[in-house]
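Below: the structure, in structure tokens.
Side chains are part of it too, since the values below use all heavy atoms of this structure and drop only hydrogens, waters and symmetry mates. Residue numbering restarts at 1 for every chain, and letters A, B, ... go by the order of the sequence lines.
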Amino acid sequence: MSDVRVRLAPSPTGYLHLGVTRTALYNWLTARSGGGSFILRIEDTDRERSTDEFLEAIITDLRWLGLDWDEGPEVEGPHGPYLQSQRGGTYAPFVERLVQEGAAYRCYCTPEELEERRSARSADEAEAWKYDRKCASLSRDEREALERAGRPHVIRFRVPGGKTSFVDAIQGPVEFENDQFDDLVIARRDGTPTYNMAVVIDDMEMRVTHVIRGSDHLTNTPRQIMMWRALGHEPPVFAHMPLLFGQDGKVLSKRRGAVSIGEYRRMGYLPEAIVNYIALLGWASESGEEILSLEQLADEFELSKLSRKPSTFDPDKLVWINAQWMKRLSVPERTERLLPVLRDEGLVAGELTSEEREWLERVVDLIDDRLKTVRDVLDFDWFFLASGVTYDSMAVSKVLDKPGAGEILAGLRKVLSDAPDFTTDALETAIRSYAEEKGVSAGKAIQPLRVAVTGKTASPGMFETLSLLGRHRVLARVDAALELSS
RNA sequence: GGCGCCAUCGUCUAGCGGUUAGGACGCCGGCCUCUCAAGCCGGUAACACGGGUUCGAUUCCCGUUGGCGCUACCA
């Protein structure tokens with residue numbers, strides 16, 4: 001077990017979407033590739049917008065994806081609590097210490113006063129307005145007067161002069177002039193810490209060694225580093241990953257209607273595929289291999305090999321990767337993944353008997369690699385219907401209504417009912433010789449039969465399909481089709 | 001406005017001074033074939049622009065343009 005400790009710190013103000021998922025994945029991979037720990041910390045201090053429903057969904061979705069955590073909600077651990085809202089007491093001593101040591105100070109300016117001073121500037125200057133440090137050097141008397149007057153205060157961090165530089169594990173060396181930063185508020189009037197202060201303290205308390213997050217936090221980093229140092233600690237390693245764009249070229253976020261992981265699950269995507277695809281957004285295997293499991297990813301993954309370029313989500317490629325995973329699943333496994341959809345749609349009821357399961361697996365085997373998503377089984381609903389099928393009107397006009405089709409079908413009906421047994425081989429022999437007798441190509445006979453039996457022009461191999469469907473259902477459907485064309 | 005990050009086919013990428021700029025998705029053909037998929041074969045398509053540095057720049061440096069992010073008593 002290495003001492004690498006990484007964390008994901010989502011706020012439950014929305015569902016888990018691809019952007020956060022990618023951050024989760026890269027953190028998880030970093031932990032798993034080095035035998036480190038992956039911590040889940042929930043930043044739910046925005047009580048207005050945080051909900052339990054989102055929290056539950058985040059937990060469910062991360063687990064579904066296979067991104068399990070070593071410390072965090074429901075598993076707990078030595079550095080909890082892992083819900084920020086329950087960590088209230090831990091912050092005050094740190095903030096107080098900063099004040100004692102002069103690294104932070106009380107500021108009595110009200111938001112209104114601040115706004116006033118700010119808008120007194122010209123438009124350009126107002127843009128660049130930073131807190132004017134009015135309260136940075138209050139004398140003891142001034143401060144006591146303010147206190148006596150009952151003025152509430154916030155705590156501001158006293159940004160030191162000079163520069164802050166660090167080596168980002170993804171971005172490389174970065175340097176900032178400190179004077180571009182405000183003396184930021186680290187504790188609100190009500191005493192609660194603001195984001196930048198809270199993350200620093202939480203990461204410090206949780207012994208986080210690598211902070212891997214979106215590059216939207218890059219500018220926060222120097223300020224956090226200053227706070228780490230003011231608290232007498234060396235900061236962790238920072239790694240800022242490029243952001244993920246939606247197809248509109250904008251950053252993927254819950255506000256912009258990013259699709260949640262739960263949504264992808266309902267659309268029929270496999271967790272393996274989602275995680276696989278997301279890993280490829282900004283990273284490539286040295287081997288060029290694109291279909292990779294979590295285990296394989298953990299083996300090969302290296303933060304330093306991450307691209308610094310933001311990438312755009314491509315739904316087509318996700319579908320392709322999903323299809324790749326579908327076909328790699330064993331038949332019993334694929335059957336298992338299909339079952340929830342079949343049950344939801346009422347195509348399969350309750351628990352399966354072993355005969356039913358065997359039959360289902362034969363169907364799944366026959367459908368073979370025609371499924372790009374789990375939901376695609378619904379294209380094969382005709383396998384599961386006891387009675388008639390719905391005929392696709394295009395299929396009917398293109399095949400059944402063609403001259404001669406009815407006659408061929410009628411002949412086929414006799415062949416099928418006369419067939420001594422309904423095995424694939426027997427059916428193939430019988431149907432092919434019938435076509436030969438009639439002097440037509442096998443396809444000319446099979447297509448009308450396919451439409452009659454499935455309602456569609458496309459299906460798995462006809463002979464296997466007929467055999468699986470069974471004589472009774474096949475004949476009933478052929479009759480229905482004959483009715484249709486007469 | 002200030003600060004920061006980024007820039008190779010439509011998309012994801014390989015490249016790390018000399019390559020016919022490679023691969024994948026998509027798209028378009030073909031093969032296979034009872035249809036549809038899958039598979040296989042082939043095709044389409046890129047170094048944003050301008051300066052340097054160098055014998056030589058996609059690659060290194062600077063600038064321009066463009067995209068994105070941060071700039072809250074939100075996280």
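Residue order along RNA chain B, read from the 5' end via each residue's closest nucleotide, puts A:Leu218 first among A:Phe245 and A:Leu218. Both A:Ser215 and A:Leu318 lie close to RNA chain B; mapped to their nearest nucleotides by heavy-atom distance, the more 5′-ward contact belongs to A:Leu318.
Using Watson-Crick or G-U wobble geometry with both donor-acceptor distances under 3.5 Å, B:G42 finds its partner in B:C28. B:G4 is paired with B:C68 under the Watson-Crick or G-U wobble criterion, all donor-acceptor distances under 3.5 Å. Figure legend. B:A57 is base-paired to no nucleotide; pairs are counted as Watson-Crick or G-U wobble with both atom distances under 3.5 Å. Remark: B:A21 base-pairs with no nucleotide; criterion is Watson-Crick or G-U wobble with both hydrogen-bond distances under 3.5 Å.
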Could you list the donor-acceptor pairs under 3.5 angstrom formed by side chains in residues 361-368 of chain A, with sequence neighbours left out?
none

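B:A38 and B:A48 have their P atoms separated by 33 Å, given to the nearest Å. Across the P atoms, B:A72 and B:U54 are found 46 Å apart, a figure rounded to whole Å. With both ends at atom C1', the span from B:U13 to B:A21 equals 13 Å, rounded to whole Å. Comparing B:C70 with B:C55, their P atoms are spaced 45 Å from each other, to the whole Å. Remark: the separation of the C1' atoms in B:G10 and B:A46 is 10 Å, to the nearest Å. Straight-line distance between the P atoms of B:C34 and B:U11: roughly 41 Å, to the nearest whole Å. With P as the reference atom, B:U65 and B:G29 are 43 Å apart, rounded to whole Å. Atom name C1', nucleotides B:C12 and B:C27: the rounded distance is 16 Å, in whole Å.
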Please list, pair by pair, any protein nitrogen or oxygen found under 3.5 Å from a nitrogen or oxygen in nucleotides 10-12 of chain B.
from, atom 1, to, atom 2, distance (Å)
B:C12, OP1, A:Thr312, N, 2.9
B:C12, OP1, A:Thr312, OG1, 3.3
B:C12, O2', A:Leu280, O, 2.8

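Distance A:Arg106 CZ to B:C73 C1': 16 Å, rounded to the nearest Å. Residue A:Met241 contributes atom CE, which lies 18 Å from atom P of B:C68 at whole-angstrom precision. Between A:Ile291 atom CD1 and B:G23 atom C1' the separation is 13 Å, expressed in whole Å. For A:Glu289 and B:A14, the CD to C1' distance is 15 Å, given to the nearest whole Å. Taking atom CD of A:Glu286 as the reference point, atom C1' of B:A24 lies 17 Å away to the nearest angstrom. We find that NE2 of A:His240 is positioned 15 Å from C1' of B:C68, with the value rounded to whole Å. Note: CZ (A:Arg223) to P (B:C3) measures 16 Å, nearest angstrom. Atom CG in A:Leu252 sits about 19 Å away from atom P in B:G67, given to the nearest Å.
Annotation: side chain to side chain donor-acceptor pair (under 3.5 Å) contacts of A:Arg49 (sequence neighbours excluded): A:Asp46. When the side chain to side chain contact (heavy atoms under 4.5 Å, CB included) test is applied to A:Arg151, the partners found at least two apart in sequence or on another chain are A:Tyr108, A:Thr110, A:Glu113, A:Leu146, A:Ala149. Applying the side chain to side chain contact (heavy atoms under 4.5 Å, CB included) test to A:Phe181 and every residue at least two apart in sequence or in another chain returns A:Val159, A:Phe176, A:Thr219, A:Pro222, A:Arg223, A:Met226. Partners of A:Ala426 under the side chain to side chain contact (heavy atoms under 4.5 Å, CB included) rule, at least two apart in sequence or in another chain, are A:Asp421, A:Thr423. Scored by the side chain to side chain donor-acceptor pair (under 3.5 Å) test, A:Arg41 finds A:Glu43, A:Asp203 as partners (sequence neighbours excluded). Residues that satisfy the salt bridge (Lys or Arg N to Asp or Glu O under 4.0 Å) test with A:Glu175, not counting sequence neighbours, are A:Lys163. Residues meeting the side chain to side chain donor-acceptor pair (under 3.5 Å) test with A:Arg375, sequence neighbours left out: none. Residues forming a side chain to side chain donor-acceptor pair (under 3.5 Å) with A:Thr221 (at least two apart in sequence, or on another chain): A:Arg213, A:His240.
Distance alone, capped at 3.5 Å, places no donor-acceptor pair between the A:Glu302 side chain and the A:Ser304 backbone. A:Lys402 places a side-chain N or O within 3.5 Å of a backbone atom of A:Lys398 that can act as its donor or acceptor partner.
Checked against B:C73, B:A75, B:C68, the side chain of A:His217 finds its nearest nucleotide in B:A75. Proximity note for A:Asp316 (side chain, C-beta onward) versus B:G26, B:A75, B:C5: the nearest is B:G26. Considering only side-chain atoms of A:Lys250, the nucleotide from B:C68, B:C25, B:A75 that sits closest is B:C68.
Residue-level contact check: A:Asn220 touches the bases, meaning some heavy atom is under 4.0 Å from a base atom. Across all strands, A:Cys109 comes closer than 4.0 Å to base atoms (heavy-atom distances). Among the protein residues, A:Thr45 comes within range of the sugar-phosphate backbone only, with heavy atoms under 4.0 Å from sugar or phosphate atoms but none that close to a base.
For A:Arg189 and B:C73, a side-chain-to-base donor-acceptor distance below 3.5 Å is present, hydrogens and geometry of angles not being considered.
Under the 6.0 Å distance and 45° angle rule, A:Arg370 does not count as a cation-pi partner of A:Phe380.
Near RNA chain B, meaning a heavy atom under 4.0 Å from it, residues 160-186 of chain A has A:Gln171, A:Phe176, A:Gln180, A:Val185 in order of number.
Among the candidates A:Arg158, A:Lys134, A:Arg133, the single residue satisfying the salt bridge (Lys or Arg N to Asp or Glu O under 4.0 Å) test with A:Asp183 is A:Arg133.
Taking the side chain as every heavy atom from C-beta outward, A:Lys250 and A:Phe245 never approach each other to under 4.5 Å.
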Reading nucleotides 27-41 of chain B from 5' to 3' and marking B where a protein heavy atom lies under 4.0 Å of the base, S where only the sugar-phosphate is that close, and - otherwise, the string is -------BBBBSS--
